[in-house]
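The next block holds one structure in the form of C-alpha cells; read it before the comments.
Side chains are part of it too, since the values below use all heavy atoms of this structure and drop only hydrogens, waters and symmetry mates. Counting starts at 1 for both ligands and their atoms, following the listed order.
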Amino acid sequence: MSVNQQAHTGPPYGQPQPGYQGFQQPAYGGQSLPGAPQSQYGAYNGPVPGYQQPVPPQGYFPSLGFPSKGSPVSLNSDTSLAPNFIGSLRAPPTSGAPPPASGASHPSGHVAYSQFEHGDVQNGIPASAAPMQRPPASQPFLPGSAPTPVSQISTFQQYGPPPGSVQQLRNHMAGMTIGSTAASAPPPAGLGYASVPPVSGSVSATGSGLYTPYSASQGPPPPSVSQALPVAQPPFPGQTIPTQRLPAQVPGFTPPPPSTGVGPSSYPPTTGAPRPPAMPGPPLPGQTLAGAPSSQPNHVSSPPPPSTMAGLHPGPPMSGLHGPPPPTHPPQPGYQMQQNGSFGQMRGPQPNYGGAYPGAPNYGSPPGPPPPPKRLDPDSIPSPIQVIEDDRNNRGSEPFVTGVRGQVPPLVTTNFLVKDQGNASPRYIRCTSYNIPCTSDMAKQSQVPLAAVIKPLATLPPEETLPYLVDHGESGPVRCNRCKAYMCPFMQFIEGGRRFQCCFCSCVTEVPPHYFQHLDHTGKRVDFYDRPELSLGSYEFLATVDYCKNNKFPSPPAFIFMIDVSYNAVKSGLVRLICEELKSLLDYLPREGNMEESAIRVGFVTYNKVLHFYNVKSSLAQPQMMVVSDVADMFVPLLDGFLVNVNESRTVIASLLDQIPEMFADTRETETVFAPVIQAGLEALKAAECAGKLFIFHTSLPVAEAPGKLKNRDDRKLINTDKEKTLFQPQTSFYNNLAKDCVAQGCCVDLFLFPNQYLDVATLGVVPYQTGGSIYKYAYFQLETDQYRFLNDLRRDVQKEVGFDAVMRVRTSTGIRATDFFGAFYMSNTTDVEMAGLDCDKTITVEFKHDDKLSEDSGALLQCALLYTSCAGQRRLRIHNLSLNCCTQLADLYRNCETDTLINYLAKYAYRGVLSSPVKTVRDALINQCAQILACYRKNCASPSSAGQLILPECMKLLPVYLNCVLKSDVLQPGPEVTTDDRAYIRQLVTSMDVAETNVFFYPRLLPLTKADVDSDSLPAAIRNSEERLSKGDIYLLENGLNIFVWVGVNVQQSLIQNLFGVSSFSQISNALSTLPVLENPFSKKVRSVVDMLQGQRSRYMKLIIVKQEDKLEMLFRHFLVEDKSLSGGASYVDFLCHMHKEIRQLLS
Ligand SMILES: [Zn+2]
C-alpha cells in the first residue's frame, strides 16, 4: 500500500499556518516544504496517525480474505443460544472476495438529495411529527445555472451594528431578598432525561435539606409581584443605523425552487431584495433598571436576618425589610440614594448569598439564619422572553444577508432567512463575538472567549440555497501555495488576474492557466458571480483522488446493525421491535442526488456473550448464521454475503429479521460483551475497505469475559469530592484505543442504550463520542410508552445526512489561530479534527487565540474546510468562510457579542473541565470568568455610576440568567435523583449541541397552552421559567430538547381537561400517558400540533411527560423552572444576579 502519494496540487493540509510566521515554532517551519513526505492520506501531509494503514492484527490478513486462523473453532454454532439455528454452518470462504466494487466512486451526476421526499412519510409517521428536513447536500453547480451577477458587490445590504446601549440595573442590594420560590414539595422522583423509572415511589427530601435557609417556605407560590419600575426595559430606542443602498434585485442569489422537504413553515417567503431594516438601537449608556426594594411577607417564612445584617446594612433599607409590601410601588425613596451611592450595604459581604451556594465559601457568610424577607422584583431584571421577543420583532422579518463583514446574526430563537452573499450562514457558523479585539491584551482584559460554533453539514430550511458543488476536474480546487487555504471570496486577484494574494497568509500564488480570468475595472474577476467559490460564503468542491485515503476513491459506506439479544433485550420486546422496524426502514437509507437506490450496503450482527454474524447474500434461500464465541480476538467469519445491497437481498434480509426474534425468544443469557461488538463492525468495514456506521442496540453493563469488560464502579459518594471527576472518565483506556482504530477506518458508532441500571455511559460512550457518533438513552425502556420515541430517533438517525471519514481544519487570517476544539471527534494532531462520521446535527466548537495583532482595516477571517465522503462514496470538500471585524475599543467587542453562543462555549468548556477538575472548581471558574467579562465592561464601557448599580452590556444582559442555568445543570450541580449515567450522557450530548439546542436545553421554553389561539398556526407566547408565572387554572408546555412536559393546574376547567385528555376530571388524568390522545376538537388539535411542531424542530424525539400540579412528578417538572431556586441547591435567577453583582463589585474595587 502506498503511503506516500504525492499530491500534485500540493497537500491541502499540513502546511504552515500563516499565523505561525515569525513565531518560533519548529513544528510549523514557516516555509512550504515541497518535497516533504506526505502521509498516505494523499492530501494531508501532517502527522495523521489516525490514517495510517492499520496494522493487521496477528493472524489476520485482510488482503488474504478470510483468516485461516481459528476458523474451525470459532465457527462453532452455539445452538443453545440459537435454538432455531438457521441454515447450515458455512465454511469460511477461502478467497477474500472483494467487496462489491460498487465503483461508482465518482458519481458524475451531482444533484440535490431527495431522500427526504420519502423519509417524512415512511412508516406512517405523521409528517408533522417528525418532519425530516432537507439535508444540507450539495447542489450541482453548472456554469449555465450559475448565479447571475449582481452589479456591485458594494451595494450589499448592510445591517447596522446591534444596539449598543447598556442596560443598567440599579439595584439596591439590600432590597433584594434572597427568596426561595419553590421548596414546598419533595424532590423529584426521577430525572427527566430519559427516565422516569416505572416505579418511582419514594421521594426523598435530602435535596432541599442542604438549603434550609431558603427552603422553608411552604404552600403556594408567592403571587407574582409586578412592581412598577422607574424605568422598565424599553427595547431599543430607535437609533437608526445608516444603511447602504441595495440593488433592487439580487438575481444571482435567488433561491432555488423550494424543495419538497418539510421544513419550518414559519420562514417568511423570500421577497426579492431586502429593505434596509430600521435597526433600532439605543445609545450606549441607556436604559436603567431599578430593582426597587420590596418586601413580601407572604413569601418568606424565615426568621429575621442575622445580626450581622444590621451591622452591614444600616439604615432605611433594613427598616423596610419586614414590613408588608406597599400597595403600589412607586420609585422607592431609597432609589435615588442608592444611585448616588449613599448606601454602603453593597460593599459588605452578603449573608444572603451564603446559603445559595453551599459549597462555595467565598460567597459570603456561611449558611446561617435565613435572609431578610425582601426580594428583587423578577420583572425588573432582564427577561429572556423579552429579549427573544424583541429580536423576533426586530429581525425576523428581513432576510439576513451575509455580504457585510462582522454582522451579528439574529438570535437562534428568531426565524429568519439567510442569503449567502460571501459569508457563511449563521446556520453553519456562529461566533461569540463578531468584532474581535485587535490585541491579545484587550482580549485577555475582557475575558470574552473568542470561539466559533461550527455545524458544517447543517440542515437548511427549504427556502435557502444549498451549497453548490464545484468541480474543477482533475486539477482540484485552487489553493494558496503556502497555507493551502481554498479559493474564497476574500482572495485578492492581482497582476491582471494572473496571480492572487492569499487573504489568510498574504502569500502570492500563480493562478493556474485553466482558472485564469480577466479582471474588470474594479479589480474583480469578470466571472465573479459565475463562481460560487468567489462570491459565496459556503460551497463544496469535488475532491480529487489526492484527497482520498490510499489515493483511491472510496467505496460507498456501509451500515451494520448490531442487536443485543440478551435476556433483557428480548424480554422487553426490544429485539422484535427493532427487527420489525428495520424491515421497512432499510428502504430509506440515505441516497444521493437522483440515484434510484441508496449506495449504502447493510450487514447484521446479533450478540450476547458471543457474536452471531449473518450471511444474507441474495443467492441464498435462507440467511445463514455464523457464531463467533472467541470474543477475545474478534474477526469477521464471512466477507461475501455479510454486507449486501438491500434491494438485491431483500427477501433474505426479511427472512432474517423475521427469524431473529424467534431464535432468541427463550434465551436465558443475561450477560453481554461490548467492545468485541465494535471490533467486529470495525473488522467488517476494514475487510470491505469502506467507511460506515455501526448501529448498536445495547442493554447492560458488559460484564461477560471479553476485552473491554467493565465493572460497576458507580459511587454516588464521590459527588462533591475531588474524585467526582472519575465518574465522568472511562474506567479503562481500552475504548480510547478502539476509538482511534475506528476513526482510522471511518467507522462511526451510534449507540442506542436501554439500561435498567447503571451501565457506565462514561465508558461505553467513548467510542461513539470519539468517532462523531451519537448516543441515545432510553432508561427503563417500556415498549408501550417508549417505542414511539425510540423508533422516531432511529428513523431519523438512519436517514439523516451524514459524511464519513471526515477531517476538518479551520484556517484563520494572520493574528489569530484555532487553539482549542470541543465536540465529538478525535484529534491525532493539534489542528485536524477527525470524525469517522459527521452528521447534520453535530457541531464542533473552536476557540481562537491571538498570536499577533489584528488590524481594524483587514479584520479577521475564518475558513472551515471539511473533507468527507458522501453517502454515495463521493469525496468532497465543504468550505465555509466567515469574515469578522476587529476593534481597538472594548465597547465594540461588547456591542457585537452573542450571548447564546457564549453560553454554548462556556457550557462545553465547563463540561470538559469536570473530567479533570472538581466540579466546584469548574463552577467557580465559570462564575469568575463571567464576572470578569462584566466587570471589564463596567470599568471600560459603561458610563460612570455608583457601585450600587449593576450595569450589563445590552448584548450580554442575559449572561447571568443563562450562566446560572449552566451552573445548576445536572452535570455541574446534580440533585440526588440524577444518576451517574444521566450526567455522563448529558455531558457528552451537550458537547455536540448547536447554539439553538443549548439555548433551549439550559433555558427551556415554557408555553401557556390555554392561551394558544386555536385558529392560528402560531405558538402561544412563551413565559419565563418560574413557578410564579404558572396559574392553577392553566395548562403549560415546557420543552428543553429532550423532554416535553405538559403541566396541568389543579383548577383547570373541566371542559379543557375533557378536550385535551378525554377524561372528565383532573384526578382522572393519567400521567402514564406518553402521547396526547387524538381527540376531534380544536383545543386537542391545537395542542397536538404545537407538540408536533416542537418535535419537528429538535434533533431528537422528546419524551412527553404529563405532570399534574401537586403530583409527585411535579418535582421533575420544577427542576426545569430554571429561574427558581433548585432542589439541588442551584440559586434562583434573582439570587444569582445579586451574587454576580457582588463578584463584579469585588473585581472593580
Ligand atoms: Zn495562504
Open item on the list: Between H518 and F516 (judged by ring centroids, cut-off 6.0 Å), do the two rings come close enough to count as a pair?
Closed with: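 Yes, the ring of H518 comes within the 6.0 Å limit of the ring of F516, centre to centre.
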Open item on the list: Just to verify, what does Y539 make a ring-ring contact (aromatic ring centres under 6.0 Å, His included) with, not counting sequence neighbours?
Closed with: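 Residues passing ring-ring contact (aromatic ring centres under 6.0 Å, His included) with Y539: F541.
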Task: Distance under 6.0 Å and angle within 45° of ring axis: R427 vs F416 - done: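 Yes.
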Open item on the list: Both conditions, 6.0 Å and 45 degrees, for the charged tip of R811 above the ring of F504: are they met here?
Closed with: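 Negative - R811 is either too far from the ring of F504 or too far off its axis.
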TODO: Using 2.8 Å as a strict upper limit, say whether an N, O or S atom of C480 approaches the Zn ion (ligand 1) that closely.
DONE: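 Of the N, O and S atoms in C480, at least one lies under 2.8 Å from the Zn ion (ligand 1), which means yes.
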Open item on the list: Regarding C507, does it place an N, O or S atom less than 2.8 Å from the Zn ion (ligand 1)?
Closed with: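 Coordinating: no.
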Task: SG (C505) - the Zn ion (ligand 1) - SG (C502) angle, nearest 10° - done: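 The angle at the Zn ion (ligand 1) comes to 110°, rounded to the nearest 10°.
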